[in-house]
A.B. asks: 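Submitted below is the structure of interest, expressed as structure tokens.
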Amino acid sequence: MNDNAYYGRYGGAFIPEILRATIKDLERIFDAARSDDTFWPEFSGLMSSYSCRPTPLTFAGNLTGHFSGARIYIKREDLNHTGAHKINNVMGQGLLTRRMGKNRVIAETGAGQHGVATATMAAKFGLDCTIYMSKTDVLRQRPNVFWMERLGARVIPVTSGSRTLKDAINEAMRDWSAHMDTTHYVLGTACGPHPFPAMVTYFQSIIGEEVRTQILKSENQLPSRIYACVGGGSNAMGIFSAFLADDSVELVGVEAGGKGLETGQHAARLCADGARAGVAQGYKTYFLQDADGQMKKTHSIAAGLDYVGVSPILSHLHDTRRVRFTAATDDDVIAAMELAMQKEGIIPALESAHAFALAFKEAPALSGDEIIVINQSGRGDKDIFTIADAFDDPKWKSFIIDHAAQYHA
Amino acid sequence: MNDNAYYGRYGGAFIPEILRATIKDLERIFDAARSDDTFWPEFSGLMSSYSCRPTPLTFAGNLTGHFSGARIYIKREDLNHTGAHKINNVMGQGLLTRRMGKNRVIAETGAGQHGVATATMAAKFGLDCTIYMSKTDVLRQRPNVFWMERLGARVIPVTSGSRTLKDAINEAMRDWSAHMDTTHYVLGTACGPHPFPAMVTYFQSIIGEEVRTQILKSENQLPSRIYACVGGGSNAMGIFSAFLADDSVELVGVEAGGKGLETGQHAARLCADGARAGVAQGYKTYFLQDADGQMKKTHSIAAGLDYVGVSPILSHLHDTRRVRFTAATDDDVIAAMELAMQKEGIIPALESAHAFALAFKEAPALSGDEIIVINQSGRGDKDIFTIADAFDDPKWKSFIIDHAAQYHA
Amino acid sequence: MLESYLRKRLENKKILTMTHMVMGYPSFEVSAELVDTMVAAGVDLMELQIPFSEPIADGPVILNANQRALATGATVAKCMDFAGRMADTHKIPFLLMSYSNILFQQGFGPFTRAMAVKNLAGAIVPDLPPEEGADYLREMGAHQLAPIFIFSPTTPGDRMTYLDSVARGFVYCVARRGVTGTDTEFSRSMDTYLARCRRHTRLPLAVGFGVTAKKDVDFLVDRADIAVIGTQTIRLMETKGMGAVGDFLTALT
Amino acid sequence: MLESYLRKRLENKKILTMTHMVMGYPSFEVSAELVDTMVAAGVDLMELQIPFSEPIADGPVILNANQRALATGATVAKCMDFAGRMADTHKIPFLLMSYSNILFQQGFGPFTRAMAVKNLAGAIVPDLPPEEGADYLREMGAHQLAPIFIFSPTTPGDRMTYLDSVARGFVYCVARRGVTGTDTEFSRSMDTYLARCRRHTRLPLAVGFGVTAKKDVDFLVDRADIAVIGTQTIRLMETKGMGAVGDFLTALT
Ligand SMILES: Cc1ncc(COP(=O)(O)O)c(C=O)c1O
Ligand SMILES: Cc1ncc(COP(=O)(O)O)c(C=O)c1O
């Protein structure tokens, strides 16, 4: 494949021959769109009339006071239509799907946010839609499944493999191999074969571009640090990309520390031992794998971070040390979420709460002149079943029990 | 009370003596804020940095094509932080609470949106918070109760009366009578004693002001009709108020038709027989009441519309015929919701879907030169338990049953 | 005239007692028995509440009594009949207590006319301040009925003066913030408050608070003219029966 | 050399058969028995798949076989041993089939050296196109191993020519869109497609599709050189046992 498919040692397009023409086609369409002056305005116009871009950059006065360190700002991707940054990428790919003249889209989803976003885009663009979602995630993100179906999508629970996000990706690839003439695969994160990492980053870069304008306007100064959670890496690349050239801005990617890095039950590919470069799902990157190259089981309380690979662009930025990678455990995340809710009245998604957890840990050590920005990639409503269980809420339990009893009657 | 407390025959402040000084104080603080040139910019600045105002006015191209009548626009209050227009009023009253130097807020809530918004505001402003919610609504809007509690609010289920919104208002009034020195009552809709109808309308008028600017910018023409659902009347007054002086703009308020006006199981106070002027909950308006003046039971699939009274301002606009009132049944609403989801990828709250239902019914008869605007007052995520039941979704049922089984184990 | 009745009565008694009840709770029969019991125990006047579905000034005990009365079929007509019968049977004055909407739906004219015909003395309508009550005041005046108004600890002096100017019979002083049925501390501030009330009206003062014993009534002697016993008798009737109500009231007076 | 073996074999047979199996599924013992059965039934060459956790080019049947093999302890080392034993025991050529990461983690050098030592003939790696496989091609070449590449119905002519230039042994033509294990219709368009494949390579053509009967194999005569039987034998083994596999293959050849 061509050179721009690689980021240092990572990236590429390790795909079955059957998909090659399609991927090449997508690359061509994407390149044409990117160099068409009308395309970005069309995209950002759509995002401001259908979703609510630019999303606000909220000053978190209470958290700033609480930690009495850096001034804390929160980028509010949770306010997007469908509740997360995923819609940015999806609407962009929707425009490309239209340019390709295809009438069907497929997608994988973990947290369900990408699935809901894709189902939404499909409704808006009048496309057929099939969503692959691991059985585990169908269970833990049931509300999102319900909405996908109501939006007109077919949701297929994937029971193969480790039943997490990667297995949903494999299934989507298999579907694509059979139906690429009519079907575009709307990959949900900055992973997969070229041109997906570049394309998803391109659409998500709207986040960082806005942050740059917003922070310069309100503070006339760049932030010292930017925190983003890292699943596949799309929200992180989205907010980081506008600051890559600014050496003074430290970029911090927060992975899923799960039950603790030492337990092996996590999804930390860049900040923990146990991940190595490898090739799977169509691209080369750091994967959590055993000596033979078989992918390991991952764990995170956040379905959207429970993934074995990571954006090849981030792998490269890891090796070059431009981005610092670290992890937050499930417990850190619940605590951070609680604090964010009670201090600022915001409800981060479990994924996003990873970024909050690290920012909270580090904010006190910074000075009051410094600014940090946390990317709130999504809202936590979708996580109610998980969070209610994490808080072990007795009223929620009896509500569910009563509700179930009605169904038995 | 003073003249500006009345709208034609409606309004006033029918309150126990113990609350009089507090209400007078609130009136004074509100009047001072309203005539302070810095106040509105402070308010709208807060709404644009904490929520995402201006919210978009989305052109619904697919629905327009589907009905091939008027051009349909949707005002996206669902994109607000906490998911509905309620936050506009609440943040405004938060600013007033701060001006009054009080450290506690209370509120009633039906759909839970106003409760979540108030709990959110209380977290952001550092206030104690108690929410009164009827037992019926605690059950049908459980997710919102969960979030209120996580945001740090106390939620008190009200078991008196008919266990709907009105009973929650009564309880909040009782609390206020005891604690008004420290406590502000954040009434959630354009009802209650003066100055609440005026004050809530004032804060919600941000909706209509934006719509006016937006539609003139995109179409250079005013809409022919504007549709809003009517519970207490705050989202309706919010969008209508900017167009009251434009005779060419027909304003349509959609009440809860419940199981059909003929069944008596509804909450239509202005478009059905059976409501008369009366006095309750501190103000004079149309109430659904029996010959003795006892309030009737109401019914709506949408908790936020299940209310026995209505804004005195709307009662007046009803009598003067400036606003046309009509109703949508529970069944109409589910059908409208489904169509909105599948055609445009948006998920209106059950309340908002009432406005959609009427717009869908009437759009085909208008010409393609005409514009209609639907106020999407909130998003439907909160309604998942109700909607899943309305669609009788077997997968949702088995999910809930399985989840309950875990708790028994 | 209610006021003159009270003044006369006060010549022989240091303090009067007024009791309250919700008509039709738990039934009109029991209500009638309750009135008999109260009169026999020596109360000087009574408030008869017409139940309303939205009694915002009442706490849980009276709220529940309102709801139960309505649920078991109490109507305004039945209540008016009942109140008339009581006024005919017993020598003491009876007041109606209810909320604005009950009067509004009957019409202030018809309502007050009926009150006059049935020999009722006056009315307490907690959600009808004089500013909203021009029609009410006119009709009450036309029928020589006493509109009772309320002073509260948050009522400023000039407003007390204004309320006094429209009130007839007596002034009802609520002793504390909150709805009916919560306990009040007897305190210095109560002293100051009642003195302030006294300064601002020429009418007798009734004071409502959680009276549970003779000493509570005694506390009010010289400070006020009428002790109001509200929630406590309902509680007693509910938990210990009619006999306990009679014993309680007899011990107080 | 694989190609010359195939050409030689084709002198006596109108069409050859290649079978596929996942090593270690359901166990290495059964895998060995399966190879014996297949060789006895007359197959001409075999693909031995090293299981991988993410086999994106495989359909449900082979996917499941991969997972089961891994779950019951198949490792790359055991698979290499097994493949070596088969190549030593049986006269036909054996190819390895797996995914990029398996080779990548061993290193292309060590992996291909091991293949050579164990007398394996070549490899099929569906997610390793030549553009990503410079190291692979170099090492395969150095050890005289045949890197098998794939033509698909979506592959343009110029790319077929390019693939032909790096391929050795034969070209694997997938007969339709989709992953392994879905049925294909025999149609005119297949004719056209195979003719196009033939035009673009000097190598023998293998064709994989849902072969279930002798007539399917017969269809390929003159159109291709090798009929590939993949999913069907796994299905047979799972549902009817080893004997059925032997009978099925014997009837085909
Ligand atoms: C809210 C939210 N944040 C973050 C992620 C992680 O994905 P990414 O790393 O691509 O941003 C997800 C994935 O579903 C998500 O839903
Ligand atoms: C989304 C939504 N729309 C409408 C309403 C009705 O209230 P109002 O008539 O005051 O807008 C509610 C009330 O809770 C609501 O949550």
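Since the structure is predicted, the reported quantities are computational estimates derived from the model, not experimental observations. Throughout, protein chains are lettered first and strands after them, A, B, ... in sequence-line order, and every chain is numbered starting at 1.
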A.B. asks: Would you give the length of the straight line joining atom CZ of A:Arg150 to atom CH2 of B:Trp396, rounded to the nearest 0.5 angstrom?
C.D. replies: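 Those atoms lie 12.0 Å apart.
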
A.B. asks: Please name the pair of heavy atoms, one in A:Thr58 and one in B:Lys124, separated by the smallest distance, quoted to 0.1 Å.
C.D. replies: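 Closest approach of A:Thr58 to B:Lys124, heavy atoms only: CG2-NZ, 4.2 Å.
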
A.B. asks: Using the side chain to side chain contact (heavy atoms under 4.5 Å, CB included) rule, take B:Trp147 and A:Ile384 through it: C-alpha gap first, then chi angles, then the decisive distance, then the call.
C.D. replies: CA-CA 9 Å; B:Trp147 295 121; A:Ile384 190 162; 3.8 Å; yes

A.B. asks: Between B:Arg53, B:Glu149, B:Met121, B:Lys382, which shows the greatest number of heavy-atom pairs under 4.5 Å with chain A?
C.D. replies: B:Glu149

A.B. asks: Check each atom of A:Ser51 against the heavy atoms of chain B and say whether the ones under 4.5 Å are side chain, backbone, both or neither.
C.D. replies: backbone

A.B. asks: Are there residues of residues 385-394 of chain A whose heavy atoms fall under 4.5 Å of chain B's heavy atoms? If so, which?
C.D. replies: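 Interface residues of residues 385-394 of chain A: A:Phe385, A:Ile387, A:Ala388, A:Asp389, A:Phe391, A:Asp393.
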
A.B. asks: State, to 0.1 Å, how close B:Ile346 and A:Leu151 come at their nearest heavy-atom pair, and which atoms those are.
C.D. replies: N-CD2, 4.5 Å

A.B. asks: Can you say whether A:Lys397 sits under 4.5 Å from chain B via the side chain, the backbone, both, or neither, judging by heavy atoms?
C.D. replies: both

A.B. asks: What residue in A:Thr55, A:Thr120, A:Val116 has the most heavy-atom pairs under 4.5 Å with chain B?
C.D. replies: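 Looking at each of A:Thr55, A:Thr120, A:Val116 in turn, A:Thr120 comes out on top.
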
A.B. asks: Minimum heavy-atom separation for A:Met341 to B:Ala123, with atom names?
C.D. replies: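 Result for this residue pair: O-CB, 3.5 Å.
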
A.B. asks: May I ask you to list the residues in residues 76-94 of chain A that approach chain B closer than 4.5 angstrom, counting heavy atoms only, ordered by number?
C.D. replies: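 Residues of residues 76-94 of chain A touching chain B at under 4.5 Å: A:Arg76, A:Asp78, A:Leu79, A:Asn80, A:His81.
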
A.B. asks: State the OH-CD distance between B:Tyr50 and A:Glu344, to the nearest 0.5 angstrom.
C.D. replies: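 If we round to the nearest 0.5 Å, B:Tyr50:OH and A:Glu344:CD are 7.0 Å apart.
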
A.B. asks: For A:Arg379, is it the side chain, the backbone, both or neither that has a heavy atom under 4.5 Å from a heavy atom of chain B?
C.D. replies: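 When you check distances to chain B, only side chain atoms of A:Arg379 fall under 4.5 Å.
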
A.B. asks: Under 4.5 Å from any heavy atom of chain A, what part of B:Ser48 do you find: side chain, backbone, both or neither?
C.D. replies: backbone

A.B. asks: Check A:Ser49 against B:Pro56 and note the closest heavy-atom contact, atom names and distance.
C.D. replies: O-CB, 3.3 Å

A.B. asks: Please look at B:Lys395 and chain A and tell me whether the side chain, the backbone, both or neither of the residue comes under 4.5 angstrom of a heavy atom of that chain.
C.D. replies: both

A.B. asks: From B:Asn144 CG over to A:Asp381 CG, what is the distance, rounded to the nearest 0.5 angstrom?
C.D. replies: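 Interatomic distance, B:Asn144 CG to A:Asp381 CG, rounded to 0.5 Å: 8.5 Å.
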
